[in-house]
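Could you have a look at this structure, given as structure tokens, before my questions?
A quick note: this is a predicted structure, and the numbers were derived from the prediction, not measured.
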Amino acid sequence: MGHIVKVRKPRPVNLDLQTIRFPITAIASITHRVSGVITFISVAILLWLLSLSLSSPSGFEAASDIVNSFFAKFVLWGILTALAYHIVGGIRHLLMDMGHFEEMEGGSQSAKIGFIITAVLSVLAGILVW
């Protein structure tokens with residue numbers, strides 16, 4: 001009896017990140033995960049600021065001074081933008097779980113719409129912070 005040997009064909013491997021082009025659906029998915037991590041980490045920052053502001057009148061002044069700096073406003077804007085994208089992406093994923101936008105064209109369109117909605121919310125967050 002002869003043995004059947006499976007021969008694996010060598011696959012081309014491309015690890016040059018500058019030449020890899022991800023579809024917009026992959027970018028939306030990766031960005032959703034990154035925004036979730038940013039939101040999770042930002043909870044610690046915001047709780048620390050809340051704790052500082054509630055500790056005493058001088059703590060409130062210190063927290064107020066921190067929040068009024070340009071760097072802190074930029075960070076707060078980033079946190080709000082990440083939160084907005086995570087919520088928009090979460091709603092998109094919920095809609096996909098219900099059977100909408102599952103085909104490639106619908107998935108691409110919903111990803112683009114999600115990015116546009118997030119851009120609008122980011123501008124509104126910038127107006128709110130500054």
Side-chain donor-acceptor distances from residues 90-103 under 3.5 Å, at least two apart:
from	atom 1	to	atom 2	distance (Å)
R92	NE	S110	OG	2.8
R92	NH2	G107	O	3.1

**OP:** Can you sort out the partners of V37 under side-chain contact (heavy atoms from CB on, under 4.5 Å), two or more places apart, ordered by chain and number?
**Re:**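 Partners of V37 by the side-chain contact (heavy atoms from CB on, under 4.5 Å) criterion, ordered by chain and then number, come out as I41.
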
Original post:
How many angstroms lie between atom CD1 of I87 and atom OG1 of T39, to the nearest 0.5 angstrom?
Top reply: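 It comes to 8.0 Å.
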
Subject >> side-chain contact (heavy atoms from CB on, under 4.5 Å) against I113, all qualifying residues, sequence neighbours excluded >> reply: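 By the side-chain contact (heavy atoms from CB on, under 4.5 Å) rule, I113 matches I117.
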
Subject >> Atom of I66, atom of A72 and distance for their closest heavy-atom approach >> reply: O-CB, 2.9 Å

Subject >> Interatomic distance, K112 atom NZ to I27 atom CD1 [nearest 0.5 angstrom] >> reply: 11.0 Å

Original post:
Checking Y85 side chain against G36 main chain: does a donor-acceptor pair fall under 3.5 Å?
Top reply: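 No: the side chain of Y85 does not pair with the backbone of G36.
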
Original post:
Any side chain to side chain donor-acceptor pair (under 3.5 Å) pairs touching residues 44-54, not counting sequence neighbours?
Top reply: none

**OP:** List for me each residue that meets side chain to side chain donor-acceptor pair (under 3.5 Å) alongside S35, sequence neighbours excluded, and say none if there are none.
**Re:** H86

Original post:
Which other residues end up in the same hydrophobic cluster as V34, if Ile, Leu, Val, Met, Phe, Trp and Tyr are linked when side-chain heavy atoms come under 4.5 Å apart?
Top reply: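 When side chains under 4.5 Å apart are linked, the cluster holding V34 also contains I30, I38.
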
Could you list the donor-acceptor pairs under 3.5 angstrom formed by side chains in residues 122-130, with sequence neighbours left out?
from	atom 1	to	atom 2	distance (Å)
S122	OG	W77	NE1	3.3
S122	OG	T81	OG1	3.0

Subject >> Side-chain cluster (under 4.5 Å, hydrophobic types only) that M104 belongs to, other residues >> reply: none

**OP:** Compare all side-chain heavy atoms of F115 with those of I24 and state whether any distance is below 4.5 angstrom.
**Re:**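 Yes; the side chains approach each other to less than 4.5 Å.
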
**OP:** Using side-chain contact (heavy atoms from CB on, under 4.5 Å) as the criterion, list what pairs up with S29, not counting sequence neighbours.
**Re:** R33

Original post:
Which residue pairs pass the side chain to side chain donor-acceptor pair (under 3.5 Å) test when at least one of the two sits in residues 62-75, sequence neighbours left out?
Top reply: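 Listed once each, the pairs are S64-N68.
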
**OP:** Please list, chain by chain and in numerical order, all residues satisfying ring pair (Phe, Tyr, Trp, His ring centres under 6.0 Å) with F40, sequence neighbours excluded.
**Re:** none

Original post:
How would you list, by chain and number, every residue that makes a side-chain contact (heavy atoms from CB on, under 4.5 Å) with A26, sequence neighbours excluded?
Top reply: F22, P23

**OP:** Evaluate the side-chain contact (heavy atoms from CB on, under 4.5 Å) criterion for residues L76 and L46: first the C-alpha distance (whole Å), next the side-chain angles of each, then the deciding distance (0.1 Å), finally the verdict.
**Re:** CA-CA 9 Å; L76 288 172; L46 297 174; 3.7 Å; yes

